[in-house]
**Student:** 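Take this structure first; my questions come after.
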Amino acid sequence: MVDLHGQYLKIKDEVLKGIESVIDSTAFINGPEVRTFSKELGKYLDVNYVIPCANGTDALQIALMALDLKPGDEVIIPSFNYVALAEVVKLLGLKPVYADVHPRFYTLNPNSVKQKITDKTKVIAPVHLFGQCAPMEQLLNIAKEYNLYVIEDNAQAIGADYTFSDGTIKKAGTIGHIGTTSFFPSKNLGCYGDGGAIFTQDSVLGEKIKSIANHGQKIKYIHDLVGVNSRLDTLQAAILLAKLPHLDEYNTQRNQVADFYDDAFKSLKPFIETPERADYSTHVFHQYTMILNGIDREKFKSYLASKNIPSMVYYPIPIHQQNAYKTNEDLAVSEFLASCVISLPISTEMEKEQLDYIADNISSFISQESSERK
Ligand SMILES: *Cc1c(COP(=O)(O)O)cnc(C)c1O
């Protein structure tokens, strides 16, 4: 699905120099690269606090821990999503409340969110799924009206820009009270292991998050809060420092792949519905996820596999229908999307030849399927 090796070859010298310098200095834990990377990422995002941590799931957990929530407090999250958010909400004794998503943008639907608000609701947690921002302005307005926190899960959209109706532009992850991200290798800004970070503009939250990520201490061996041990490895920070200057270029390359697919599949409507772009957000295409209409997804997938074309279903079961998280809700759009989405390979290193091969094979499969139907 991604070509990490091809990308590595282009920055090999920078990466190896960074790794060598960490090993030479033996500052493996909280070395200077961790601080430098946090500072550089803060500049890139224009955010006051970047608190590095061990992975994107920890980032979400620490963000929630910083909000003084009580057991049973409710966190509204999208059901069509990766499991991490629901998982940490549950682990903290909070109650995940699932809202539905937009049928074409795949992100949280503000109307559905509004219907889920109760007097126990404390947080709305939008996810910028597949690389495009959730409708933050509407969600922030709802949060303001009901006095709620907003935590953005930005694991999939680092580098995306959100435009408010007054023209203000902010980077994804810096819009709500707290933002989180993951540096998992396949993410748009991925390291070579695990990593994550938490963002906030708020100094009170920022200091608290820093302390929670470090065993709840500000001064060594003085523990004012119950915290966790969650650090970004210095080696990973050195790799991220080498990659950060390339992030915009990586996101542009992903957009070029997405534009190619859009164009190639235009004539395959309604069998294939390509992902739609919201006017308030740029898209960084962590995934190129399309909808299959009246096409058997398993058959499509095995056909692609037979041609050596990888594909993935993100995500096949909505969270509210997972055994560990089951509720009796009816979230029609999440259920619909889980039944018919499919994601194609997208990365910074795709050749025209590969793209043509994928598009040609998909076109012939669809034309065969549609002619059989006639
Ligand atoms: C990857 C991802 C996470 C978790 O990141 P890890 O670093 O793997 O813990 C959380 N949320 C979303 C939406 C993700 O895509």
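Below, each value reflects all heavy atoms present in this structure, side chains not excepted, and no hydrogens, waters or symmetry copies. When a residue number appears, it is its place in the shown sequence, counting from 1. Counting convention: from 1, in listed order, for ligands and their atoms alike.
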**Student:** For Asn55, counting its heavy atoms only, list the atoms of ligand 1 lying under 4.0 Å from any of them.
**Tutor:** 7 (O), 9 (O)
**Student:** Classify the ring geometry between His215 and His223 as parallel (under 30°), tilted (30 to 60°) or perpendicular (over 60°).
**Tutor:** perpendicular
**Student:** Going through the checks in order, is the side chain to side chain donor-acceptor pair (under 3.5 Å) test met by Gln132 and His102?
**Tutor:** CA-CA 12 Å; Gln132 179 164 255; His102 188 286; over 6 Å; no
**Student:** Does an N or O from Tyr315, backbone or side chain, lie closer than 3.5 Å to an N or O of ligand 1?
**Tutor:** no
**Student:** By number and element, which atoms of ligand 1 are closer than 4.0 Å to a non-hydrogen atom of Gln156?
**Tutor:** 13 (C), 14 (C), 15 (O)
**Student:** Tell me which protein heavy atom sits closest to atom 9 (O) of ligand 1, plus the residue, atom name and distance to 0.1 Å.
**Tutor:** Thr57 OG1, 2.5 Å
**Student:** Would you please classify the geometry between the Tyr82 ring and the Tyr315 ring as parallel, tilted or perpendicular, with 30° and 60° separating the classes?
**Tutor:** tilted
**Student:** Between the main-chain N or O of Asn154 and the side-chain N or O of Thr181, is there a donor-acceptor pair closer than 3.5 Å?
**Tutor:** yes
**Student:** Below 4.0 angstrom from a heavy atom of Ala84, which ligand 1 atoms are there? Numbered from 1 as shown, please.
**Tutor:** 10 (C)
**Student:** Which heavy atom of the protein is the closest neighbour of atom 11 (N) of ligand 1, given with residue, atom name and distance?
**Tutor:** Asp153 OD2, 2.7 Å
**Student:** Backbone or side chain, does any N or O of Tyr82 fall under 3.5 Å from an N or O of ligand 1?
**Tutor:** no
**Student:** Show the atoms of ligand 1 that are less than 4.0 angstrom away from any heavy atom in Val127.
**Tutor:** 13 (C)
**Student:** Which residue holds the protein heavy atom closest to atom 14 (C) of ligand 1, what is that atom called, and what is the gap in Å?
**Tutor:** Lys187 NZ, 3.0 Å
**Student:** Just jot down the ligand 1 atoms closer than 4.0 angstrom to any heavy atom of Ser182, in number order.
**Tutor:** 5 (O), 6 (P), 7 (O)
**Student:** Might you work through the side chain to side chain contact (heavy atoms under 4.5 Å, CB included) test for Leu232 and Asp194, ending with a clear yes or no?
**Tutor:** CA-CA 8 Å; Leu232 178 66; Asp194 277 308; over 6 Å; no
**Student:** With a 4.0 Å cut-off on N to O distance, would you call Asp13 and Lys17 a salt bridge?
**Tutor:** no
**Student:** Do side-chain atoms of Tyr162 reach the backbone of Glu137 as a donor and acceptor pair under 3.5 angstrom?
**Tutor:** yes
**Student:** Ignoring hydrogens and angles, tell me if any N or O in the side chain of Ser182 forms a donor-acceptor pair with the backbone of Ala155 under 3.5 Å.
**Tutor:** no
**Student:** Got the closest protein heavy atom to atom 6 (P) of ligand 1, with its distance?
**Tutor:** Gly56 N, 3.4 Å
**Student:** So which heavy atom in the protein is nearest atom 8 (O) of ligand 1, and how far is it from that ligand atom?
**Tutor:** Phe184 CD1, 4.0 Å
